[in-house]
Number of protein chains: 2
Amino acid sequence: MTLPESGKPPTSADVARVAGVSRSTVSYVLNSPPGARVSAETRERVLKAVRELGYAPSAPARSLRSGNSDVVLFPLPLQPMGQLLEQFIDEFTEALRRQDLNLLIHGDRYARGVDAARAWAALRPLAVMAEAARLTDGGVEVLRRAGVRAIFAWGREEHPGVPTAIFDNRDTGAQAIRHLISRGHRKMACLVPSGPLAGLGQERWEGARTAAEDAGCSLERVDVGYIREDILAVVRGWQQQTDPPTAVFAGNDDFALMIISALRECGWTVPGDMAVVGADDLPFCDLVWPRLTSVAMHTRTMGSGAADALTSLMAGKPYKHRNHMVVHPRVVVRESG
Amino acid sequence: MTLPESGKPPTSADVARVAGVSRSTVSYVLNSPPGARVSAETRERVLKAVRELGYAPSAPARSLRSGNSDVVLFPLPLQPMGQLLEQFIDEFTEALRRQDLNLLIHGDRYARGVDAARAWAALRPLAVMAEAARLTDGGVEVLRRAGVRAIFAWGREEHPGVPTAIFDNRDTGAQAIRHLISRGHRKMACLVPSGPLAGLGQERWEGARTAAEDAGCSLERVDVGYIREDILAVVRGWQQQTDPPTAVFAGNDDFALMIISALRECGWTVPGDMAVVGADDLPFCDLVWPRLTSVAMHTRTMGSGAADALTSLMAGKPYKHRNHMVVHPRVVVRESG
DNA sequence: CTGAAAGCGCTAACAG
DNA sequence: CTGTTAGCGCTTTCAG
């Protein structure tokens, strides 16, 4: 075997020695910078040595030397995203791969502000894409200082000084209600969750209320917890009413599933007695009877939008501080409402 | 302002200059190695300078110099995990944080073997925890050579030479069937999904079949795709039979949801006419009527098990190559079966 | 406590 | 095309 005796990781010097070339040649072969020409035969010898040694260039050393990195850092969101998370990561990774960039997800989902920024900055990533809620001015400053070339935010509100992908949750509520109105409903209800999803639910409610007011329709606000009993109580309440709503925007798909389940448990039909619209377009929307009408966000927009911004950055264009982008939802119409 | 003029990231030398101390002192303050004593006043001056400068030590430089890192790398699983993923990551991150370790998730979920190993090894992580299916002997060798101190695998089968957390999916099937038998069922069905979940479904089926055989009960295998129409066809088929099964193990919770929905659509009651058991214990199991009985894996076991292994490794104990750990499921009994 | 100095693995000039 | 060399930011040793 040509392996070095030591237990230490092989270095480019080891590769050079085994291949019988200089370290620069190894570097040229591995990075093929513009204007470095290596004969096919030499290149092959080097690659063979790389394989033999199981050599993997050290990213830390490379980053230290070259002053930049191919890492885009995505701190794991505090907000539970469920299926959307995997979906977004896939799209983003794919978009980045086309530019030889790597997505790295930071596992700590709780740190925020300057503390979080320091942890992220320590890795010296090329770019950071974080929830707006976890960025503070101080944090952004730390990232800038650490040489992070691009900082993107995403979330419910724009972050000052950082380009933000804004998820228009008011529009989600508005679209749900407008859809129901277009189906002839005039008296509706809107579920507003408490707990971790309260903020999101509140925004969706606000959009829904505005849309109902604009159309002169009635919309009842119903606050519920993430528990089955709350939902059942709501349905029982409707059963008491002489003139209950004919449609409900459930706030999200889990609540839609719950409410449909509860309605049928109480002998109501969906959408006959009560139309139901969810939000997020989770996979199960397509799998149940009736299939669930849902208001979906385009995760694609977010993934490719961020990647596009990176592209222009890479192309040397100046970094724009204020090009926010609003991600709009659309209604996926199925049978439930 | 005490900021340096340049656009370059502040270094420990900048901190030293601002604080009026030497670079070694800065290092001592930030890392407090055993046997480094710094006066409280000096320490405070240093920390003040750190804050003023927005200084974050460079992880690459630190890693290069010290030869080790505080990063545990978790390549994003190829297998869709849905809710389980966030859950596991949370538990693992928390367990690692207690040892001052950081979880980093590699976004590329498709690379495997030596290619994947090279990408992971480039980051020079302390440890790697990967799906067994993405590790090959060559890949493990590359990681070892690169100085990765611990390699863990997880998945459906043990990986030779690497400690593996094995998810016993046969037992999932077996437990579901044994539970149904304990409820008095003697004629049952098992849904076996095609598509990306086929491998998983096959294992669950095998366990289910064995359990049924052992008990002398009848178990019908039903292959289905991840689409609503397949499920409806299955139910219609049962309607034709004079002596249909009385219970079904749906293979996972999505299928359980679908089949319950389809059964009720066809006028059957659950669990009266047909008991249904799912698997994975997704959150919606608790949110529908009837609530869904499901076979759950302990993600806790996996997260803390891996973290424990890391602990003993950190404590300097020798790295054991063959201490596999089997993660067993348990039945969460609710109303559907 | 400080200062000087070595060196981790790599890239990019630059000189052959 | 190849070899030499400086130095990225940091930790750690050693002698004050």
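Numbers restart at 1 for each chain; the letters A, B, ... are given by sequence-line order, proteins then strands. Being a predicted model, the structure only gives us computed values, none of them experimental. Computed over heavy atoms, backbone and side chain alike; hydrogens, waters and symmetry mates excluded.
Across all strands shown, Ser66(B) has no heavy atoms under 4.0 Å from either base or sugar-phosphate atoms. Within the nucleic acid shown, Ser27(B) comes within 4.0 Å of at least one base atom, counting heavy atoms only. If you check every strand for non-hydrogen atoms under 4.0 Å, Pro57(A) touches sugar and phosphate atoms only.
If you measure from atom CZ of Arg45(B) to atom C1' of dT2(C), you get 12 Å, rounded to the nearest angstrom. As rounded to whole Å, 10 Å separates atom P of dG9(D) from atom OH of Tyr55(B). Put simply, CZ on Arg17(B) is 12 Å from P on dG9(D), counting in whole angstrom units. A straight line from CG of Asp14(A) to P of dC10(C) spans 9 Å, rounded to a whole angstrom. Look at NZ on Lys8(A): it is 10 Å from C1' on dG9(C), rounded to the nearest Å. Rounding to whole angstrom units, CG of residue Leu123(B) and P of dG9(C) are separated by 16 Å. Between the CZ atom of Arg62(A) and the P atom of dG9(D) there is a distance of 18 Å, given to the nearest Å.
Between Ser22(A) and dG3(D), a side-chain N or O to OP1/OP2 separation shorter than 4.0 Å is present. Residue Ser12(B) places at least one side-chain N or O under 4.0 Å from the OP1 or OP2 atom of dC10(D).
Nearer to the 5' terminus of DNA chain D, by closest-nucleotide assignment, is the contact made by Thr42(A) (compared with the other of Thr42(A) and Arg65(A)). Nearer the 5' end of DNA chain C, as judged by each residue's closest nucleotide, is the contact made by Arg23(B), out of Arg23(B) and Leu64(B). Summary of the strand contacts: Glu41(B) and Ala61(B) both lie near DNA chain C, and taking for each the nucleotide with the nearest heavy atom, the more 5' one is attributed to Glu41(B).
Each of Leu85(A), Ile89(A), Val72(A), Leu73(A) was checked for a side chain to side chain contact (heavy atoms under 4.5 Å, CB included) with Ile105(A), and the lone residue meeting it is Ile89(A).
Set against dT11(D), dT2(C), dC10(C), the side chain of Asn31(B) has dT11(D) as its closest nucleotide. Residue Tyr28(B) places its side chain closer to dC14(D) than to any other of dC14(D), dG9(D), dG9(C). Proximity note for Ser24(B) (side chain, C-beta onward) versus dC1(D), dA4(C), dC10(D): the nearest is dA4(C).
Side chain of Thr164(A) to backbone of Val162(A): a donor-acceptor contact under 3.5 angstrom is found. With hydrogens and angles ignored, the 3.5 Å screen pairs a side-chain donor or acceptor of Arg134(B) with a backbone N or O of Ala111(B). Of the possible donor and acceptor atoms, one in the side chain of Arg145(A) sits under 3.5 Å from a partner among the backbone N and O of Leu53(B).
Taking every heavy atom of both residues into account, Ala117(B) and Gly139(B) meet most closely at CB-O, 3.3 Å.
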